[in-house]
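So you know, we letter chains A, B, ... as the sequences are listed, proteins then strands, and number each from 1.
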Amino acid sequence: MQFTSPPNPQEFNQRVWALVRQVPRGKVATYGQIALMLPPPNGADFESYKAFGARWVGGAMAACPDDVPWQRVINSQGKISERPGAQKQRQLLEEEGIIFMKDKVDLKKYGWRGLDEADKPKQEKLF
DNA sequence: GTTGTGACATCGC
DNA sequence: CGCGATGCCACAA
């Protein structure tokens with residue numbers, strides 16, 4: 001289901017995808033995290049946005065292009081949704097070095113921290 | 001106008 | 001760690 005809502009759903013989605021593409025290999029980001037990182041539309045209430053933003057991110061993921069590693073986007077529980085192919089994605093993540101515990105990943109270790117342009121080179125170096 | 005649902009989040013047991 | 005209950009927003013029937 002496409003939760004149209006942001007003023008520009010397409011643009012919103014693009015922003016989400018762009019963010020997802022920034023996720024380095026071996027790291028994962030949560031819907032809530034992404035939602036918080038994204039700029040609230042129209043200056044909507046931060047609280048409300050926080051409540052539903054995650055779903056908008058989910059909506060964006062539903063239409064994510066092939067060049068978007070959506071598998072790195074998981075819920076706050078550190079799990080992948082029950083969507084078809086999820087298990088396969090889990091395997092991909094494992095190959096990237098992410099350890100799964102009971103279908104859950106250790107966000108403490110693999111949780112992707114926000115992305116700062118200035119911090120970007122640092123991350124590459126770290127890898 | 002009311003009801004149900006959705007790739008979610010958070011708190012509590 | 002696992003499961004359940006509640007809140008949130010927008011949309012379709």
- Whole-Å distance, A:Gln87 CD to B:dA7 C1', equals 16 Å
- Message: If we ignore hydrogens and angles and just use 3.5 Å, is the side chain of A:Arg21 paired with the main-chain N or O of A:Val68 as donor and acceptor?
- Response: no
- Separation of atom CG in A:Asp45 from atom C1' in C:dA10, rounded to whole Å: 15 Å
- Just wondering, do A:Arg72 and A:Glu96 contact through their side chains at under 4.5 Å, heavy atoms? yes
- Task: To the nearest Å, give me how far apart CD (A:Gln33) and P (B:dA7) are.
- Result: 21 Å
- Return yes if some donor-acceptor pair links the side-chain N/O of A:Gln22 with the main-chain N/O of A:Ala18 below 3.5 Å, else return no. yes
- Message: With a 3.5 Å cut-off and heavy atoms only, can you find an N or O donor on one side and an acceptor on the other between the side chain of A:Tyr31 and the base of B:dA9?
- Response: no
List every contact pair, protein side and nucleotides 2-5 of chain C side both N or O, where the distance is under 3.5 Å.
{"residue": "C:dG2", "atom": "OP2", "partner": "A:Lys104", "partner atom": "NZ", "Å": "2.6"}

- Taking only residues two or more places apart in sequence, or in another chain, which ones meet A:Tyr110 in a ring-ring contact (aromatic ring centres under 6.0 Å, His included)? none
- Item | Minimum heavy-atom distance A:Gln71-A:Gln89, with the two atoms named | CB-CB, 3.6 Å
- Message: Can you measure A:Phe100 atom CZ to C:dC1 atom C1' for me and round it to whole angstrom units?
- Response: 16 Å
- Query: When the distance from NZ of A:Lys50 to C1' of B:dT10 is rounded to whole Å, what number comes out?
  - Reply: 8 Å
- Inter-nucleotide P distance (B:dA7, C:dA13), Å rounded: 16 Å
- Between CZ of A:Arg55 and P of B:dT10 the distance, given in whole Å, is 12 Å
- Query: Just to confirm, is there a sub-4.0 Å distance from OP1 or OP2 of C:dC8 to any side-chain nitrogen or oxygen of A:Ser48?
  - Reply: no
- Message: Whole angstroms only, please: what is the CZ-P distance between A:Phe52 and B:dC8?
- Response: 11 Å
- Is there a path from A:Trp112 to A:Leu93 through hydrophobic residues (I, L, V, M, F, W, Y) whose side chains come within less than 4.5 Å of each other? no
- Counting heavy atoms from C-beta on, name the nucleotide in B:dG6, B:dA7, B:dC8 closest to the side chain of A:Ala54. B:dC8
- Query: A:Ala35: what forms a side-chain contact (heavy atoms from CB on, under 4.5 Å) with it, not counting sequence neighbours?
  - Reply: A:Tyr49, A:Val57
- Message: Does B:dA7 have OP1 or OP2 under 4.0 Å away from a side-chain N or O of A:Ser81?
- Response: no
- Separation of B:dA9 P from A:Met61 CE (nearest whole Å): 13 Å
